[in-house]
Amino acid sequence: MMGMWMVHIIDHKLYREVAGNPSDYPKDLPSDDNMIFRFVGRANVGAANGEQWKKQSPILRQAFSIAPPIGLFVSLARNVFQVLEASATSHNSHTRTVRWSDLGQRYALDAVGSSILGANYDAIRTESLFVSNYNAFMRDVAQPVYLMFPTLERILPRKAVSMRMDNLVKILVERLETKRSEPGEDLMTSLVNHPDMSPTELRDNMAALFIAGHDTTSGAIASVVYFLAVYTEGQKLARDEVIRVLGPTLDPSLSVLNPQSLPYLCACIRETLRINSPTSYLVPRNSGDGVNLGRYYIPPKTLMICNIYAAHHNGDVWGDPHVFRPERFLEGPQRTKGALDRDPFLTFSTGPRQCPAQNFATYELRTLLAMLLREYDWWLPDSSIHAKGLQNAFSPFGLTLPRDLDITFRKRLNSDIATH
Ligand code: HEM
């Protein structure tokens with residue numbers, strides 16, 4: 001992986017031991033030559049180890065502990081509908097086919113932009129230059145030969161890519177500067193005003209939150225819409241449930257977007273996160289002086305990868321691991337193989353370094369899905385490259401992002417909703 005040999009951890013119990021003990025198993029980031037690690041730096045909460053992580057982690061967790069901004073998610077979902085409406089081929093047409101993997105990414109970007117970074121990209125409705133430069137940068141970063149041999153960045157430097165990265169960082173830093181004079185309601189404003197955060201830590205967190213905050217969720221948004229497109233019975237069940245709870249006009253709110261009120265919808269999202277986890281593995285951990293892990297001895301300075309994708313497809317734990325079956329999260333423990341046991345579900349990882357934004361991301365997904373189900377039916381177009389199974393794009397960092405996913409949407413009529 002990343003041009004190096006690593007031990008993959010698939011057993012979820014061993015995974016918990018490694019991911020749950022950051023002092024014994026520190027993160028080991030690839031060399032600074034790797035462009036993406038130059039972009040996010042080393043001083044952000046996701047990359048830091050030891051005292052620096054111990055200082056930042058409670059600050060970030062506190063900042064994420066506020067209620068997720070459902071009102072914002074609702075208005076962004078409406079922006080998505082506007083784009084869907086505008087893409088109809090003719091005025092009378094009720095169907096439209098869009099590149100959903102792009103539109104989903106734009107929704108995720110606007111969600112993280114407004115509430116976390118305090119930057120209104122309006123990416124759903126407009127072509128943001130910053131966003132297209134970022135996407136181009138990520139394509140450059142993913143060039144296999146530079147991934148395998150990062151030292152090439154020194155031998156054959158890619159000046160244009162480097163300049164593009166510097167420009168992206170410059171824009172992020174300028175935004176940080178303005179936060180001091182123009183504070184907002186966003187998470188970065190609270191970090192900027194925190195006395196313990198240094199300028200480098202602020203810069204690195206801004207870049208890291210930009211990536212962590214949207215590329216993961218956008219993969220989940222694309223995947224769940226794909227699975228419900230293919231699994232039509234599940235789409236119908238989820239829609240019936242949403243309409244039963246929200247009726248024809250009620251906006252989703254914190255009090256209903258939960259497994260008690262919308263169990264089937266939440267199970268569909270959870271099953272998507274299991275079967276096509278947006279993060280397929282964690283940042284490598286280092287075995288230090290060597291460790292005994294379960295029945296294995298891991299030699300000193302070995303890199304270890306907690307492999308979420310493999311753990312989530314372990315047939316000894318999950319019955320029919322390759323089958324999309326949301327019901328596994330609704331059944332009693334006696335009838336299911338491991339699914340109700342929370343242990344094997346690792347999408348957001350576990351322990352003190354688990355994702356601090358899982359609430360944010362989960363509600364972001366639930367809001368969009370609930371609104372989409374009420375407003376539209378959808379399916380894969382005939383020409384879909386995903387007809388024989390979901391195709392993920394190549395991602396150098398283990399993100400599971402469906403590739404070029406087109407979806408055909410049909411606007412539901414009021415009478416469809418009323419007859420439910
Ligand atoms: C479906 C969406 C998401 C998934 C599946 C996900 C998954 C994960 C995972 C697996 C980790 C652990 C990484 C490791 O230990 O190597 C993590 C950490 C982290 N995530 Fe997320 N994430 C999601 C969304 C977000 C969002 C929306 C944000 C911020 C806006 C975010 C911010 C972070 C941060 C800052 C960390 C580092 C925590 C630490 O090391 O203490 N994530 N995430």
Side-chain angles (χ1 to χ4, degrees), residues 9 15-16 18-23 25-30 40 42-50 52-64 66 68-69 72-73 104-105 107-119 186-188 191 201 204-224 269-270 272-286 303-309 311-312 345-366 368-369 395 397-401:
I9 299 173
Y15 177 116
R16 282 184 179 265
V18 173
N21 293 300
S23 326
Y25 302 98
K27 287 193 180 180
D28 193 319
L29 296 184
V40 296
R42 304 258 158 178
N44 64 72
V45 69
N49 278 314
Q52 191 175 44
W53 173 75
K54 281 190 195 150
K55 180 188 82 172
Q56 287 192 34
S57 173
I59 300 174
L60 264 289
R61 270 169 213 278
Q62 172 65 28
F64 272 111
I66 55 168
L72 169 74
F73 300 153
Q105 187 203 23
Y107 168 83
L109 252 167
D110 279 347
V112 80
S114 300
S115 57
I116 310 278
L117 308 176
D186 53 277
L187 183 140
M188 274 321 286
L191 295 194
E201 288 170 339
D204 290 2
N205 275 297
M206 184 87 173
L209 287 174
F210 177 78
I211 295 189
H214 86 278
D215 261 350
T216 45
T217 325
S218 81
I221 291 169
S223 300
V224 70
I269 292 174
R270 207 166 169 77
T272 299
L273 296 175
R274 179 195 70 80
I275 201 167
N276 207 40
S277 177
T279 37
S280 55
Y281 53 79
L282 300 187
V283 173
R285 276 23 182 206
N286 195 306
L303 294 184
M304 293 179 288
I305 282 276
C306 290
N307 191 323
I308 302 175
Y309 190 91
H312 279 183
F345 184 77
L346 299 166
T347 288
F348 294 104
S349 196
T350 174
R353 294 204 79 150
Q354 65 183 274
C355 182
Q358 53 186 292
N359 231 16
F360 179 92
T362 310
Y363 279 94
E364 185 184 339
L365 281 162
R366 289 176 186 163
L368 179 62
L369 247 276
S395 160
F397 310 106
L399 293 181
T400 319
L401 302 168

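Whatever order the structure lists them in is the order used to number ligands and atoms, beginning at 1. We count residues from 1, following the sequence as given.
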Quick one: does [X]'s side chain get under 4.5 Å of [Y]'s, heavy atoms only?
X      : Y      : result
Phe64  : Leu187 : yes
Leu60  : Leu191 : yes
Thr279 : Leu399 : yes
Pro278 : Thr217 : no

Would a distance-only check, ignoring hydrogens and angles, find a side-chain to backbone donor-acceptor pair under 3.5 Å from [X] to [Y]?
X      : Y      : answer
Gln56  : Ala43  : yes
Tyr25  : Val18  : no
Ser277 : Ile308 : no
Tyr15  : Thr350 : no
Thr362 : Gln358 : yes
Asn286 : Pro26  : no

For [atom], what's the nearest protein heavy atom and its distance?
atom                    : value
atom 19 (C) of ligand 1 : Pro356 CD, 3.6 Å
atom 42 (N) of ligand 1 : Cys355 SG, 3.1 Å
atom 28 (C) of ligand 1 : Ala357 CB, 3.3 Å
atom 24 (C) of ligand 1 : Thr216 OG1, 3.4 Å
atom 4 (C) of ligand 1  : Phe348 CE2, 3.5 Å
atom 13 (C) of ligand 1 : Leu282 CD2, 3.7 Å

Original post:
Any nitrogen or oxygen of Val283, main chain or side chain, under 3.5 Å from a nitrogen or oxygen of ligand 1?
Top reply: yes

Original post:
Does any N/O atom on Trp53 come nearer than 3.5 Å to any N/O atom on ligand 1?
Top reply: yes

Subject >> Closest candidate by heavy atom, reference atom 10 (C) of ligand 1, pool Ile269, Thr350, Thr347, Leu273 >> reply: Thr347

Subject >> Selection from Arg61, Arg353, Arg285, His214 by shortest heavy-atom distance to atom 16 (O) of ligand 1 >> reply: Arg285

Side chain, backbone, both or neither: [X] near ligand 1, heavy atoms under 4.0 Å:
X      : result
Ala212 : both
Ala361 : side chain
Gln56  : neither

Of all the atoms in ligand 1, which lie at a distance below 4.0 Å from a heavy atom belonging to [X]?
X      : value
Gly46  : 37 (C), 40 (O)
Val45  : 35 (C), 39 (C), 40 (O), 41 (O)
Gly213 : 26 (C), 27 (C), 28 (C), 29 (C), 30 (C)
Thr279 : 5 (C), 7 (C), 10 (C)
Val112 : 30 (C)

**OP:** Might you work through the side chain to side chain contact (heavy atoms under 4.5 Å, CB included) test for Ser223 and Thr400, ending with a clear yes or no?
**Re:** CA-CA 9 Å; Ser223 300; Thr400 319; 5.7 Å; no

Original post:
Using the ring of each side chain (for Trp, its six-membered ring), is Phe345 parallel, tilted or perpendicular to His312, with breaks at 30° and 60°?
Top reply: parallel

Subject >> Lys27 near ligand 1 by a heavy-atom separation under 4.0 Å >> reply: yes

Subject >> Close approach of Lys54 to ligand 1, heavy atoms, under 4.0 angstrom >> reply: no

